[in-house]
Amino acid sequence: MIEYILMGTKKHGCSIDNRKKEIIYYQLLSLYEKILKKPQQLLIKYSDIKKLRYAMGLLQEFDLIVHKLLWRY
C-alpha cells in the first residue's frame, strides 16, 4: 500500500496520506479569495468520507466531492 502520494502540486492538487488517514486538497485562490482569507487547503479525514466511487474518473469524482464540501463554507 502506498503511504503518501501528491497528485499535482501544493498550489493546485491533492495529497493522500494513508499513515495519517487524511486527504489534503490544495486549491488555487483568486486575489479576491485571498483578501477574504479563504483557506487554500481543505483537510478531509477518512472518517468524514461516507462514499467514494472510483473508476477511470477517480479524480473527477474526487473533485466533485471536494467542490461540494467547499460550497458549504
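Predicted, not measured: the structure shown is a model, and the values here were computed from it. Numbering of residues begins at 1 and proceeds along the displayed sequence.
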Using a side-chain heavy atom cutoff under 4.5 Å and only I, L, V, M, F, W and Y, what cluster partners does L36 have?
Y32

side-chain contact (heavy atoms from CB on, under 4.5 Å) partners for L43, two or more places apart:
E22, I24, K45

Residue set satisfying side-chain contact (heavy atoms from CB on, under 4.5 Å) with K10, at least two apart, ordered chain then number -> Y4, L6, Y26

Partners of K11 by side-chain hydrogen bond (donor to acceptor under 3.5 Å, both in side chains), sequence neighbours excluded?
none

May I ask you to decide if P39's main-chain N or O and Q27's side chain share a donor-acceptor pair within less than 3.5 Å?
yes

Drop me the distance from I23's CD1 to C14's SG, to the nearest 0.5 angstrom.
7.0 Å

Less than 4.5 Å apart, side chain to side chain, heavy atoms only: is that true for Y46 and I16?
yes

Does the side chain of Y25 come within less than 4.5 Å of H12's, by heavy atoms?
yes

